[in-house]
Protein chains: 2
Amino acid sequence: MTPMTPAHSSPLTDRPQLGLRERKKIKTRTAIRDATYALIKEQGYDATTIEQIAERAEVSPSTVFRYFPTKEDIVLTDEYDPMMLEELRGRPDSESWMDSVRYVMHRSMDALLAEDPEAVRIRAHLAVQIPAVRARMIESMSATGRLLRSAIAERHGLDPDSLEVRVFAMSMVGGLMEVNIAWAENDCRDDLRELVDRALQVIEHGLPAKKA
Amino acid sequence: MTPMTPAHSSPLTDRPQLGLRERKKIKTRTAIRDATYALIKEQGYDATTIEQIAERAEVSPSTVFRYFPTKEDIVLTDEYDPMMLEELRGRPDSESWMDSVRYVMHRSMDALLAEDPEAVRIRAHLAVQIPAVRARMIESMSATGRLLRSAIAERHGLDPDSLEVRVFAMSMVGGLMEVNIAWAENDCRDDLRELVDRALQVIEHGLPAKKA
DNA sequence: CATGAAATGAGAGTAGCTCTCAAAAGGTGG
DNA sequence: CCACCTTTTGAGAGCTACTCTCATTTCATG
């Protein structure tokens with residue numbers, strides 16, 4: 001949620017060893033985000049202005065921009081990516097690459113859904129409906145893709161900057177992105193874990209055999 | 001360049017059977033685009049405003065927005081995609097899927113580079129440097145990905161809306177997008193065709209064997 | 001408590017983009 | 001050639017995301 005948060009500790013305001021200043025910052029940050037989610041639920045994304053968000057969060061518009069560079073960033077917090085990468089790198093060499101990915105994907109999905117399933121769903125829906133949000137999300141995923149490279153390269157003994165590794169990383173990202181979209185398009189009814197598994201199958205082995 | 005253009009005919013203003021109105025529209029469209037490319041080359045993307053573009057193209061700002069929904073769209077004309085799809089669908093069933101893709105990619109790259117290599121390069125560079133342009137380009141590529149689905153499904157005898165086909169299409173798109181980025185990051189020095197071939201290899205067969 | 005640093009608020013300014021409405025230009029039938 | 005209808009255009013007002021600056025307030029520290 002904020003730098004140096006141990007990730008799985010329940011997020012927010014407590015944590016006494018931090019100074020008052022730091023605690024206030026965290027509070028403000030989550031106040032802004034909560035206000036945003038609430039307003040979006042009431043009025044939709046486009047109808048929600050920064051001014052309204054600021055008002056409900058009881059800060060000035062300037063402060064909103066001080067905490068989040070863009071409106072889209074308020075709803076898109078992919079602070080989990082670095083931690084996923086960490087975990088991916090920590091998997092034993094004996095495990096196959098795809099198994100490692102599957103494992104880490106499962107774990108982070110569980111963590112996200114455990115902490116705030118509502119937010120995960122809203123985010124997924126926004127990614128489908130609002131182009132700007134989708135764009136920003138893709139941006140952030142390709143940043144993740146860039147980080148992925150080094151992990152891939154380590155495992156496979158390849159140059160992380162080679163075209164092959166780059167392409168492999170981004171095609172994984174693209175495929176997994178599509179899972180998210182497909183899931184949201186079907187109103188988050190399916191089991192995300194199963195969808196991810198099927199996607200990884202396709203990425204690893206290509207399309208299943210003809211049926212017709 | 002515009003609906004019902006036979007694609008390889010040199011693009012623009014001539015074509016007598018069209019009414020004066022249509023011809024003027026085409027002229028305006030290319031005037032706006034030319035102005036934009038020129039200004040970007042002089043001052044960079046961000047420093048170039050719609051007002052400047054309008055002025056140089058000798059139209060009003062309103063007209064600019066009438067022709068292009070966003071500033072990014074002025075530089076990003078992927079009007080080739082539908083024609084690629086067409087061609088892809090026209091390839092013989094006997095040819096392997098990847099061979100078909102390779103063939104069509106080669107052809108459209110040749111066409112683009114033949115018509116306006118400068119623009120292709122500027123576009124690629126913008127996609128690397130300007131997040132908004134990159135985002136818009138990805139958007140447009142995933143639209144292409146959606147179209148790709150039906151072609152893939154036909155060839156493989158699968159349901160175009162199945163997760164498998166969706167994931168496959170988007171992972172191809174992601175991988176090929178990365179080729180474009182990598183090419184631009186290396187200043188468009190490499191042979192695009194070769195890069196595409198290597199990318200398709202990776203998408204089809206996964207990463208090459210370990211080297212270390 | 002005083003001094004310095006960091007966070008905030010207020011406000012002005014820019015630019016992308018939308019909408020409306022009236023004027024102009026292209027097409028068509030008499 | 002003219003009158004009529006449709007499409008395109010320009011002018012301008014308006015909204016909002018976002019940036020910058022500067023004065024004020026709020027926390028931290030000796």
Side-chain angles (χ1 to χ4, degrees), chain A residues 2-4 13 15-33 35-36 39-40 43-76 126 130-137 139, chain B residues 2-3 13 15-33 35-36 39-40 43-76 126 130-136 139:
Chain A
T2 202
M4 53 188 62
T13 65
R15 191 147 336 139
Q17 73 277 22
L18 265 58
L20 175 53
R21 221 160 226 176
E22 303 303 319
R23 269 177 288 152
K24 266 198 146 178
K25 276 215 268 185
I26 295 179
K27 254 203 221 162
T28 304
R29 201 178 170 79
T30 68
I32 293 172
R33 188 165 286 151
T36 305
L39 285 166
I40 288 178
Q43 331 171 332
Y45 182 85
D46 287 327
T48 300
T49 73
I50 298 285
E51 229 173 317
Q52 293 174 336
I53 294 172
E55 194 178 353
R56 182 161 310 195
E58 297 183 285
V59 294
S60 75
S62 331
T63 300
V64 175
F65 285 114
R66 243 191 285 281
Y67 279 81
F68 299 94
T70 74
K71 187 178 163 187
E72 298 92 57
D73 281 291
I74 305 180
V75 291
L76 290 181
L126 289 178
I130 314 293
V133 173
R134 181 171 48 243
R136 191 68 196 73
M137 182 179 272
E139 264 300 288
Chain B
T2 202
T13 65
R15 190 152 333 132
Q17 73 278 21
L18 265 59
L20 176 52
R21 225 161 220 174
E22 304 302 320
R23 270 177 287 150
K24 266 200 147 178
K25 276 214 267 187
I26 297 178
K27 254 204 222 162
T28 304
R29 201 178 172 77
T30 67
I32 293 172
R33 189 166 284 152
T36 305
L39 285 166
I40 288 179
Q43 332 170 331
Y45 182 84
D46 288 327
T48 300
T49 73
I50 299 286
E51 229 172 318
Q52 293 173 337
I53 293 172
E55 194 178 353
R56 180 159 313 194
E58 295 183 286
V59 294
S60 74
S62 330
T63 299
V64 174
F65 285 114
R66 228 175 252 118
Y67 279 79
F68 300 95
T70 73
K71 187 178 164 187
E72 297 92 54
D73 281 290
I74 305 179
V75 291
L76 290 182
L126 288 178
I130 315 292
V133 173
R134 179 172 51 243
R136 191 68 195 74
E139 264 298 290

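Just so we're on the same page: letters track the sequence lines, and every chain starts at 1. Heavy-atom basis, side chains included; hydrogens, waters and symmetry copies ignored.
- Take the nearest nucleotide of DNA chain C for B/D46 and for A/V59: the residue whose nucleotide is more 5' is A/V59.
- From B/E55, atom CD reaches atom CG of B/L39 across 9.0 Å, with rounding to the nearest 0.5 Å.
- Counting non-hydrogen atoms under 4.0 angstrom, B/Y67 reaches the backbone sugars and phosphates but no base.
- Residue side chain A/S62 reaches the base of C/dA10 through a donor-acceptor N/O pair under 3.5 Å, judged by distance alone.
- A straight line from CD1 of B/I32 to P of C/dC17 spans 13 Å, rounded to a whole angstrom.
- A straight line from CG of A/L20 to P of C/dT8 spans 11 Å, rounded to a whole angstrom.
- Contact of B/T49 with C/dA15 (side chain to base): no donor-acceptor pair of N or O atoms is detected under 3.5 Å.
- Using a 4.5 Å cut-off on side-chain heavy atoms (C-beta onward), B/Y67 and B/R33 make no contact.
- Nearest-nucleotide mapping onto DNA chain C: of B/E22 and B/T70, the residue sitting toward the 5' end is B/T70.
- For C/dA7, one of the phosphate oxygens OP1 or OP2 lies less than 4.0 angstrom from a side-chain nitrogen or oxygen of A/K25.
- Note: CD1 (B/I130) to P (C/dG16) measures 12 Å, nearest angstrom.
- At the phosphate of C/dA25, neither OP1 nor OP2 sits under 4.0 Å from any side-chain N or O atom of B/K24.
- C/dG9 atom C1' lies 8 Å from atom CZ of A/R66, rounded to whole Å.
- Atom CD1 in B/I50 sits about 17 Å away from atom P in C/dT14, given to the nearest Å.
- Backbone-only engagement by B/T63 is indicated by non-hydrogen atom pairs under 4.0 Å involving sugar-phosphate atoms exclusively.
- B/R136 is not listed as a side-chain neighbour of B/V133, based on a closest heavy-atom distance of 4.5 Å or more.
- For B/K27 and D/dT8, the NZ to P distance is 16 Å, given to the nearest whole Å.
- Contact annotation: the side chain of A/R134 never approaches that of A/M137 to less than 4.5 Å [non-hydrogen atoms, C-beta and beyond].
- Between A/E55 atom CD and C/dG9 atom P the separation is 13 Å, expressed in whole Å.
- The shortest distance between side-chain heavy atoms of A/L126 and A/L76 does not fall below 4.5 Å.
- Rounded to whole Å, atom P of D/dA17 lies 19 Å from atom NZ of B/K71.
- At a cut-off of 3.5 angstrom, the base of D/dT8 holds no donor-acceptor pair with the side chain of B/R21.
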